[in-house]
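Every value quoted in this text rests on a predicted model; they were computed, and no experiment measured them. Reminder, nothing fancy here: chain letters follow the sequence lines and each chain counts from 1.
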Amino acid sequence: MNPNRTLRLVWVYPDLLSTYGDRGNALVLERRAKLRGIPAEIIEVNSDQPVPRDGDIYLMGGGEDLPQTLATKRLVADGGLHAAAQNGAVVFAVCAGYQMLGTEFGGADDMPVQGLGLLDMRSGRGEKRAVGEIVAHVDPVLNVGQLTGFENHQGVTRLGPHARPLARATLGTGNGDGTEGAYAGRVLGTYLHGPALVRNPNLADLLLHWAAGPLPPLSPQSEELVTRLRAERLAAVTTP
Amino acid sequence: MDDNTQQRLRLPMRARVATTVGSAAATVSRLAGKGDGSVIGGIIGLRLAPDLLSLLAAGRQVVLVTGTNGKTTTTKLITAALAPLGGEIASNIYGANMEAGLTSALSRAPDARVAVLETDEKYIPAMVKATQPKVVVLLNLSRDQMDRAAEIWLLARRWREALGSAPGCRVVANADDPLVAWAASSAQQVTWVAAGQRWREDSWCCPHCGAHLQRNGDDWSCKECGHRRPPVSWILDGDEVIDPTGRPTRLDLALPGRANRSNAVIALAVAEAFGVHISQALGELRKVTSVAGRYTQVQRRGCDIRLLLAKNPAGWLEALDVMAPAPTPILLSVNAQGPDGRDTSWLWDVDFRRLRGRHVLVGGERKLDLAVRLEADEVAFKLVNNIDDAVDAALTVARNLEVLANYTAFQQYRVALGRVQ
């Protein structure tokens with residue numbers, strides 16, 4: 001990517017898919033791009049607007065059952081997100097948005113709903129709600145290290161052969177079988193909900209790398225607070 | 001023998017025993033310094049008589065007050081507005097708003113004919129059934145501690161079902177909140193209030209059919225299914241209330257902020273349902289200066305401190321609106337204990353950019369979460385460990401300090417400052 005071109009961060013349907021701090025992912029990507037001198041802008045696209053096809057990173061947040069189903073139907077009808085993904089854009093989705101990436105998920109009253117089909121996976125409803133801190137080790141190939149976040153969902157997700165688990169959960173529920181999240185190509189999703197990238201700067205940088213090429217490291221000063229926050233959260237869940 | 005004494009004696013023996021044992025437990029709890037004693041009495045009473053709440057509510061005129069934000073303040077304002085009726089009013093002023101808290105409030109005030117009860121959002125269906133209320137107040141619905149609160153579309157649906165099967169009940173509802181309006185529209189009698197809606201991030205879409213809502217100023221409508229803002233009879237217009245006759249009156253409240261003017265207009269609409277005239281009710285509302293420590297001003301080592309409590313993005317938005325201007329320093333404080341919600345994600349829904357250039361102090365058990373949030377919004381700040389640290393920092397630039405904290409962080413400061421009311 002031309003270093004002077006503005007990185008376009010497209011936040012998909014905040015009117016339907018923004019339940020709890022989802023804006024944080026857009027803000028973290030914008031900050032970490034700008035600290036490296038890469039101009040970036042956040043484009044909010046509501047569900048009554050067309051999804052632009054020329055974005056660099058598409059972000060999808062969480063949502064209740066009904067908004068999740070509505071958002072999926074509108075995205076399929078619109079076609080913009082699919083076109084962008086086919087052209088190699090990065091897609092990052094959390095929680096309900098993550099489930100939508102698959103071929104099927106459980107909607108209101110547990111009726112199966114056809115998903116976006118951007119990842120080879122299916123989701124259904126589990127027996128009990130997973131609420132709490134989650135820690136997971138990311139697939140070493142991605143060089144991201146440990147994830148720390150909060151999950152709040154009742155989903156169970158099974159991956160098909162064309163998707164890889166994003167991580168192995170050491171605390172919390174994730175996909176429900178010991179794995180957490182999924183990715184294929186530049187499409188990546190996780191059950192870490194809301195502002196998942198805040199406590200996981202390496203994951204944010206992976207997405208930026210996919211979209212903008214190799215990145216210089218940030219100064220220790222601009223990483224100090226988030227490093228302390230990560231250490232505090234990881235210590236809080238590992239010490240009794 | 002007056003009617004109240006008769007009513008008390010009409011309680012079955014097991015209910016009388018249950019209230020007596022419960023209130024003894026509450027007294028012990030208070031004396032032991034374990035809290036306000038407002039829950040334990042109810043829990044014990046309900047264990048002895050599971051239908052105690054319905055027995056205690058029978059024959060009284062009950063008002064239930066619910067919504068995501070403003071429940072405690074509005075409950076206090078309605079209680080004040082109904083003072084001209086004379087006589088005692090039962091109320092759970094310390095915010096114990098589930099079944100045990102409501103039960104305690106009624107058992108503590110056996111002679112009160114009127115009860116104004118703050119009620120947790122999730123408990124509305126059960127409490128409507130148990131108390132057969134004369135009035136239910138619906139303030140607003142927005143995202144709240146997601147790790148324990150119900151999802152809000154689901155909540156709106158449950159309210160709608162409960163109110164649709166409570167024919168004797170009048171609903172006083174905020175017409176400017178589309179989710180609230182949809183929930184209330186199943187009721188047979190509704191007083192619609194234009195109480196405003198500052199936070200709109202949870203109501204861009206129609207709660208009935210999901211289409212993106214059309215909005216024009218305060219007006220809203222769905223072009224798909226026809227759900228729209230109902231015609232209102234009470235209006236909050238800046239600093240004035242417009243009553244159902246169309247007459248404007250200045251509110252002149254002692255409590256600060258738009259949210260409290262909104263709560264006050266709702267209280268006036270409830271007072272009207274009890275036959276209390278606006279001029280009498282408003283006189284009482286103006287006397288309210290603090291609510292269980294909220295908005296209280298205290299002095300600490302020559303520094304005037306004002307305490308504000310807000311628990312979620314909509315509450316923080318309204319609270320930041322009422323902050324004194326620069327150079328007054330602002331202490332923001334966040335915990336994530338059970339009552340606060342253990343998930344701090346909501347901080348990313350609050351827009352802090354307006355604090356750029358202000359003296360901002362950051363405290364609470366989750367101060368690092370808040371620090372990272374402020375850093376992303378390019379707001380400079382200083383970390384502090386307790387209220388005295390904050391006072392030291394404040395005194396270097398001003399003689400006063402505004403404090404905004406979420407629930408347990410607020411209670412910790414309140415205790416440190418001497419359990420201020």
Student: Please name the pair of heavy atoms, one in Gly24(A) and one in Trp348(B), separated by the smallest distance, quoted to 0.1 Å.
Tutor: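 Closest pair (atom of Gly24(A), atom of Trp348(B), distance): CA-CE3, 3.3 Å.
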
Student: Quick check: are there more than 12 heavy atoms from other residues, nucleotides or ligands sitting under 6.0 Å from CZ of Phe381(B)?
Tutor: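 Atom CZ in Phe381(B) is packed in, count exceeds 12.
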
Student: Select, from Asn46(A), Leu16(A), Leu229(A), Val131(A), the one with the greatest count of heavy-atom pairs under 4.5 Å involving chain B.
Tutor: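 Between Asn46(A), Leu16(A), Leu229(A), Val131(A), the count favours Leu229(A).
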
Student: Please check if atom CD in Glu41(A) has more than 12 non-hydrogen atoms from other residues, nucleotides or ligands closer than 6.0 Å.
Tutor: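 Buried by this count: over 12 neighbours within 6.0 Å.
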
Student: Given heavy-atom pairs under 4.5 angstrom as the criterion, report whether the side chain, backbone, both or neither of Tyr20(A) touches chain B.
Tutor: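 It is both, since atoms from each part get that close.
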
Student: Select one option (side chain, backbone, both, neither) describing which atoms of Leu347(B) are under 4.5 Å from chain A's heavy atoms.
Tutor: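 No part of it gets close to chain A.
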
Student: Check whether any side-chain N or O of Asp48(A) sits under 3.5 Å from a backbone N or O of His212(B) as a donor-acceptor pair, and report yes or no.
Tutor: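 Looks like no, no N/O pair under 3.5 Å.
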
Student: In plain terms, say whether Glu151(B) and Arg129(A) are close enough for a salt bridge, that is, a side-chain N and a carboxylate O under 4.0 Å apart.
Tutor: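 Here Glu151(B) pairs with Arg129(A) in a salt bridge, since their nearest N and O are under 4.0 Å apart.
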
Student: Could you tell me which portion of Thr69(A) (side chain, backbone, both or neither) has an atom closer than 4.5 angstrom to a non-hydrogen atom of chain B?
Tutor: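 For Thr69(A), neither part sits under 4.5 Å from chain B.
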
Student: Is any NZ, NE, NH1 or NH2 atom of the basic residue among Arg31(A) and Glu378(B) found under 4.0 Å from an Asp or Glu carboxylate oxygen of the other?
Tutor: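 No.
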
Student: For the CG atom of Leu225(A) and the CG atom of Asp369(B), what is their distance to the nearest 0.5 Å?
Tutor: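 One finds 11.0 Å between CG of Leu225(A) and CG of Asp369(B).
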
Student: In terms of heavy-atom proximity below 4.5 Å to chain B, should Asp22(A) be classed as side chain, backbone, both, or neither?
Tutor: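 Only the backbone of Asp22(A) comes within 4.5 Å of chain B.
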
